[in-house]
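Index from 1, following the sequence.
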Amino acid sequence: MKIKNIYKYLFAAILILHLSACNNNTDADQLFDETPTTRINNQKSELNTALLSSQFGWKAVYFTDNTVLGGYTHLFKFAQDGTVEMASDFDADTDVYKSEYAIQLGSTVSVTFTTKNRIHLLSDSDSYPIPALRAKGYLGDFQFLYYGQENGEIIFRANRNGTEIRFVKATADDWTKLSQNLVMEQNVIGSDARPLFRLLETTDGTTTHKFDFSFSEITRFAESNSIETGYSISYNMGVGYTPTGIVVSPAVEVGGQKLTNFVYNDADGSFTATGTGGVSATIKYSTKPLILTDDYKILLPGSPNNVYAYIYNLTKPEPANSKLFLSLLANAEALAGTGIMIQRIQPWFNNADGTSYIEYRFAAVSNPAVTIARRYHYFTIQGNAANKTVTLIPGVWKSTATAAAPAIATPTFLKALDDEFMNPQGLYFARASVSGYTAYTFTSTTTPFRMVAYSFQ
């Protein structure tokens, strides 16, 4: 075949392919039927219509970061004039407030709460629940990027960190019963009538596992770790309150099912999430620690000198301090006299002279760093190997920790507090999980009394 004929056939083939491609490219034509401006305007209109479509507005349990914080319920009622009514369970103020919002365009279409309202409490960098969140606040946002709708819910992501927020249609009851979330909060925290120890128990229908459980009311966050040797599963979760129980994020996954909604049982203080096929998870109380340690042995006679301390500006904020301890502390300070505070409660074990005592240090509220008085309650120590407890057997009181110092009468304002340490049924003593220092807890075996103490060792 001649060269010029080869070129002729090649040209014809290319032309046919080109014409065929042009004639069949209907998908591309459809894709660009709308201009970018039109598509954006349609999306804005879609979001606006959705926000206005629910008779009683929308509800969102906003978990700003479920690795460190819990969930905060917010209710929104949007109006055509660009205003929004809002309420939340962030704190005790569950009243409804009005502010303004706007549907805006940034990286995508978003709803932005443009004037201050309850949602802004989560993004205020000057308000933070724990030192680790200093200048970060509650990690919340007030601009939600629109990601569409699913099963009647509006899906957003926070502009700040991409956290998903789902708006579900609110009911009239959601508005009238919002304050009940804070009643439920007290059930989650627990009362003086309940034991101090809690566990999470899961079952997949055949096998049951147990985990210790601790909750911080300040962060609304719970930690739960397996107590079984060789079983290293943990459940750390943010907690949100409802009128009937709690919702958690991330979900507790049991037997391939994700459990998020726990219902409260007032009879025993438990919270239970129920799946199918016998799957469940329950948060419940225990009358003793799930794991008994040998930590108590370091306090016994013959051990080295050990010193621990409640310190007003260090250990007092720890969530492991029980409500009973804090209330007895406050009562003792009130009875001590106007303007007087307890600066330290410092148990000393196995001193060089063979003594042991609890030292109570006092300071003026106006100058808490300066000690103005001390009282010492001497005791002897007895261990219980079966229960793994230690009992402090009360002795004399002194105002000076010297052998020659005379005994004094029991300070009446300290008696109720001191009696918890001298419980004849004993105390549990165990290493505590705190950040920044080593600590132990002194916990009653019979009452909901627990004090976190700094370790000087």
Side-chain angles (χ1 to χ4, degrees), residues 186 189-197 217 285 287-289 296 299 307-349 355-365 368 371-382 384 387 389-401 407-430 432 439-454:
Q186 296 307 309
I189 295 169
S191 70
D192 289 346
R194 304 284 189 193
L196 282 177
F197 309 106
E217 62 183 285
Y285 287 98
T287 56
K288 64 180 182 180
Y296 78 100
L299 307 181
V307 186
Y308 307 89
Y310 153 82
I311 303 174
Y312 79 97
N313 60 348
L314 178 64
T315 66
K316 188 175 184 179
E318 295 293 349
N321 286 311
S322 72
K323 293 172 65 176
L324 178 58
F325 163 66
L326 294 174
S327 65
L328 290 173
L329 176 70
N331 289 341
E333 290 177 327
L335 293 171
T338 303
I340 302 299
M341 63 176 288
I342 298 177
Q343 181 196 62
R344 288 196 184 191
I345 302 171
Q346 193 158 301
W348 297 67
F349 294 88
T355 64
S356 298
Y357 51 72
I358 297 181
E359 174 189 3
Y360 294 90
R361 294 188 190 180
F362 303 91
V365 173
T371 301
I372 59 174
R374 291 177 169 87
R375 294 293 183 269
Y376 301 85
H377 192 184
Y378 283 74
F379 59 82
T380 55
I381 311 161
Q382 187 175 57
N384 185 315
N387 297 330
T389 59
V390 62
T391 300
L392 311 186
I393 302 169
V396 300
W397 283 85
K398 295 186 177 186
S399 57
T400 304
I408 62 172
T410 300
T412 55
F413 64 93
L414 286 176
K415 187 178 186 307
L417 174 61
D418 187 76
D419 281 350
E420 293 293 337
F421 293 108
M422 305 296 159
N423 183 348
Q425 302 304 314
L427 302 170
Y428 296 112
F429 178 77
Y440 287 80
T441 53
F442 292 87
T443 306
S444 172
T445 58
T446 59
T447 69
F449 177 90
R450 180 170 55 212
M451 181 185 80
V452 176
Y454 174 87

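Tyr376 approaches Ser399 most closely through the heavy-atom pair CE1-O, 3.7 Å. For the pair Tyr310 and Tyr312, the tightest heavy-atom approach, listed with the atom from each and the gap, is OH-CA, 3.6 Å. Between Gly190 and Tyr285, the shortest heavy-atom distance links the atoms CA-OH, 3.4 Å. Of all heavy-atom pairs spanning Ser444 and Thr446, the tightest one is OG-N, 3.0 Å. Across all their heavy atoms, Leu414 and Ile342 have their closest contact at CD2-CD1, 4.0 Å. Annotation for Pro448 and Ser322: closest pair O-OG, 2.9 Å, computed over non-hydrogen atoms.
Side-chain contact between Trp397 and Asp418: present, with at least one pair of heavy atoms (C-beta onward) separated by less than 4.5 Å. For the pair Phe325 and Leu417, the minimum side-chain heavy-atom distance is below 4.5 Å. Contact annotation: the side chain of Ile393 never approaches that of Phe379 to less than 4.5 Å [non-hydrogen atoms, C-beta and beyond]. Counting only heavy atoms from C-beta outward, the side chains of Asn423 and Thr445 approach each other to under 4.5 Å. The shortest distance between side-chain heavy atoms of Val452 and Arg450 does not fall below 4.5 Å. Side-chain contact between Phe421 and Ile345 is present, with at least one heavy-atom pair separated by less than 4.5 Å. Using a 4.5 Å cut-off on side-chain heavy atoms (C-beta onward), Gln186 and Ser191 make no contact. Residues Leu326 and Lys316 have side chains in contact (heavy-atom distance under 4.5 Å, counting atoms from C-beta outward).
Every residue two or more places apart in sequence or in another chain that forms a side-chain hydrogen bond (donor to acceptor under 3.5 Å, both in side chains) with Glu420 is listed here: Thr447. With sequence neighbours excluded, no residue forms a side-chain hydrogen bond (donor to acceptor under 3.5 Å, both in side chains) with Arg375. Under the side-chain contact (heavy atoms from CB on, under 4.5 Å) criterion, Asn384 pairs with Ala386, Asn387, Thr389, not counting sequence neighbours. With sequence neighbours excluded, the residues satisfying side-chain contact (heavy atoms from CB on, under 4.5 Å) with Ala430 are Thr293, Asp295, Thr441. Applying the side-chain contact (heavy atoms from CB on, under 4.5 Å) test to Thr355 and every residue at least two apart in sequence or in another chain returns Asn351, Asp353, Tyr357, Tyr378. In this view, Pro394 and His377, Met422 satisfy the side-chain contact (heavy atoms from CB on, under 4.5 Å) rule, not counting sequence neighbours.
Shown here is Lys323, whose NZ atom has more than 12 heavy atoms of other residues, nucleotides or ligands within 6.0 Å.
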Worksheet item: Can you check side-chain contact (heavy atoms from CB on, under 4.5 Å) on Ile358 and Trp348, steps first, answer last?
Response: CA-CA 6 Å; Ile358 297 181; Trp348 297 67; over 6 Å; no
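Within the model, atoms OG of Ser356 and CG of Leu299 stand 9.0 Å from one another, a figure rounded to the nearest 0.5 Å. Atom CG in Leu314 sits 9.0 Å away from atom CZ in Arg344 (nearest 0.5 Å). Taking CD of Gln346 as the start and OH of Tyr360 as the end, the distance is 12.0 Å to the nearest 0.5 Å. Gln382 contributes atom CD, which lies 10.5 Å from atom CG of Leu392 (distance to the nearest 0.5 angstrom). Remark: Arg194 CZ to Ile189 CD1 distance equals 13.5 Å, nearest 0.5 Å.
Gln343 places no side-chain N or O within donor-acceptor distance of the main-chain N or O of Ala363, the cut-off being under 3.5 Å. Under a 3.5 Å cut-off, the side chain of Asn321 and the backbone N or O of Thr315 do form a donor-acceptor pair.
The aromatic rings of Phe429 and Phe349 sit tilted relative to each other, their planes meeting at an angle between 30° and 60°.
The pair Glu359-Arg361 meets the salt-bridge criterion, since a charged nitrogen lies less than 4.0 angstrom from a carboxylate oxygen.
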